[in-house]
There are 2 protein chains.
Amino acid sequence: MESSFAIIAEPNRRAILSLLAASEHSVGEIEHQLRMPQTSVSKHLRVLRDAGFVESRVDAQRRVYRIRPEPLMEVDEWLAPFRRFWTLHVDALERHLDRMDQEPEPRKGKKR
Amino acid sequence: MESSFAIIAEPNRRAILSLLAASEHSVGEIEHQLRMPQTSVSKHLRVLRDAGFVESRVDAQRRVYRIRPEPLMEVDEWLAPFRRFWTLHVDALERHLDRMDQEPEPRKGKKR
DNA sequence: CTCTTATATGACTTGACGGGCATATGAAGC
DNA sequence: GCTTCATATGCCCGTCAAGTCATATAAGAG
């Protein structure tokens, strides 16, 4: 299962990731929230962990999973060359910047 | 072939898209640049066009393909809820970008 | 009109992945 | 200890998608 892109091609895995984006969750919580079989949840979590999208913490008999950002950052970076196609439109640019500029302090000269 | 994510899961399609991100290209140009069989290029372009990632223009016997941004915008928007994981750690982001600037592929997987 | 160039399509094969089910591991509680 | 809860794993099967090869379409060139 090579690339990060292949990992997030699976709808159930995207659902799991989106759920974990809000906060960390145990396997059982994911199972009930997303209404999918436990064995399926575990398998997808295994794939996600092997690919570095999530990590787990042990809480008694439970395993609590949370997001690891690195693989999604890769995807985000792959999108970079394409952003000019929609940041050229002003309204789309503003929506995009509104999302990006949550952080108050502009960094020193990186790209852009 | 449902989602935009499934479309970009294919490495050759990502290569085609990245090539087209720079400028529009004919099928033959893509074939030569990426060194893949023409029939394969055509099939991937068919998939990309059906999914709205590209559109084609007719130039004599050639078909010139160019990017259409909408599906990639979808992907970009799906990433939005995850961005806090790296925009909250600006320093880590900077370190990451610095590494990316120097070496093209520091691909590594580890756990904590 | 024929030949060549450029691209698309169809048939077939192969391999990978997800779902389902049974089962294994493992920690808790009694 | 045994039982229950929580999660993981192994196996089988159906599906679907990518690659290959052959062929079809369609537009110049001569």
Side-chain angles (χ1 to χ4, degrees), chain A residues 1-20 23-68 71 75, chain B residues 1-20 23-68 71 75 78 109 111-112:
Chain A
M1 177 84 56
E2 344 96 75
S3 77
S4 301
F5 296 88
I7 305 292
I8 62 174
E10 222 292 319
N12 293 311
R13 283 197 288 265
R14 286 201 304 281
I16 292 175
L17 288 174
S18 293
L19 186 59
L20 294 181
S23 73
E24 57 178 30
H25 288 286
S26 72
V27 178
E29 288 166 353
I30 298 171
E31 174 189 358
H32 289 118
Q33 277 272 337
L34 303 183
R35 312 220 159 145
M36 56 191 306
Q38 175 265 319
T39 151
S40 187
V41 173
S42 280
K43 281 184 182 174
H44 284 305
L45 284 172
R46 170 67 188 269
V47 173
L48 288 170
R49 176 143 52 112
D50 288 349
F53 284 78
V54 301
E55 59 189 349
S56 68
R57 157 173 75 83
V58 176
D59 171 37
Q61 336 98 314
R62 320 217 164 169
R63 306 273 173 117
V64 179
Y65 284 82
R66 61 170 170 271
I67 294 286
R68 285 193 64 206
V75 175
Chain B
M1 177 86 55
E2 342 97 75
S3 77
S4 302
F5 297 88
I7 304 291
I8 61 174
E10 222 294 319
N12 293 311
R13 283 198 288 265
R14 285 201 304 281
I16 293 175
L17 288 174
S18 293
L19 187 59
L20 294 180
S23 75
E24 56 177 31
H25 289 286
S26 73
V27 178
E29 288 167 351
I30 299 171
E31 173 192 358
H32 183 253
Q33 277 271 338
L34 303 183
R35 312 220 159 144
M36 56 191 305
Q38 175 265 319
T39 152
S40 187
V41 174
S42 281
K43 282 187 182 176
H44 284 307
L45 283 171
R46 170 69 187 265
V47 173
L48 288 170
R49 175 142 52 108
D50 287 350
F53 284 78
V54 301
E55 59 189 350
S56 69
R57 158 173 74 85
V58 176
D59 172 37
Q61 338 97 311
R62 319 216 165 170
R63 308 273 171 115
V64 180
Y65 285 81
R66 61 171 170 272
I67 293 287
R68 286 193 63 207
V75 175
W78 181 81
K111 42 188 75 165
R112 293 187 176 155

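What you see below is based on every heavy atom in this structure, not just the backbone, and it leaves out hydrogens, waters and symmetry mates.
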Spacing of [X] atom [atom1] relative to [N] atom [atom2], expressed in whole Å:
| X | N | atom1 | atom2 | result |
| --- | --- | --- | --- | --- |
| A:Q61 | C:dG26 | CD | P | 14 Å |
| A:R13 | C:dG19 | CZ | C1' | 13 Å |
| B:R63 | C:dT5 | CZ | P | 19 Å |
| A:R46 | C:dC17 | CZ | P | 14 Å |
| A:I7 | C:dG18 | CD1 | P | 8 Å |
| B:I8 | D:dA17 | CD1 | C1' | 17 Å |
| B:H32 | C:dA6 | NE2 | C1' | 15 Å |
| B:M36 | C:dA6 | CE | C1' | 17 Å |

Among [options], which nucleotide sits nearest the side chain of [X]?
| X | options | result |
| --- | --- | --- |
| B:A60 | D:dA6, C:dG18, D:dG28 | D:dG28 |
| B:N12 | D:dA18, D:dG19, C:dT7 | D:dG19 |
| B:Q38 | C:dA27, C:dG10, C:dA8 | C:dA8 |

Within the distance-only criterion (no hydrogens, no angle test), does the side chain of B:R14 pair as donor or acceptor with the backbone N or O of B:I8 below 3.5 angstrom?
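Checked: pair present.
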Just wondering, are more than 12 heavy atoms of other shown residues or ligands nearer than 6.0 Å to CZ in A:R46?
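Open: at most 12 neighbouring heavy atoms sit under 6.0 Å from CZ of A:R46.
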Atom CZ of B:R66 with >12 non-hydrogen neighbours under 6.0 angstrom:
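Yes, because the 6.0 Å sphere around CZ of B:R66 holds more than 12 heavy atoms from other groups.
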Identify, between B:S56 and A:P37, the residue whose nearest nucleotide on DNA chain C lies closer to the 5' end.
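Between the two, 5'-proximity favours B:S56.
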Taking any heavy-atom pair under 4.0 Å as a contact, classify B:S42: base, sugar-phosphate, or nothing.
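Base contact.
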Scan B:T39 against the nucleic acid and name what it touches under 4.0 Å (heavy atoms): base, sugar-phosphate only, or nothing.
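The residue B:T39 makes base contact.
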Checking B:R13 against B:F53: charged group under 6.0 Å from the ring centre and within 45 degrees of the axis?
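The answer is no; the distance or angle limit is not met.
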Any side-chain N or O of [X] less than 4.0 Å from the OP1 or OP2 oxygen of [N]?
| X | N | value |
| --- | --- | --- |
| B:H44 | D:dA17 | no |
| A:Y65 | D:dA6 | no |
| B:R62 | C:dA6 | yes |

Could a donor-acceptor pair under 3.5 angstrom be found where the side chain of B:K43 meets the base of C:dT7?
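Counting by modelled atom types and ignoring angles, no donor-acceptor contact under 3.5 Å is found here.
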For a quick test of reading the model, state the closest non-hydrogen atom pair linking B:S23 to B:H25 and the distance between them.
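Between these two residues, the closest heavy atoms are O-CD2, 3.0 Å.
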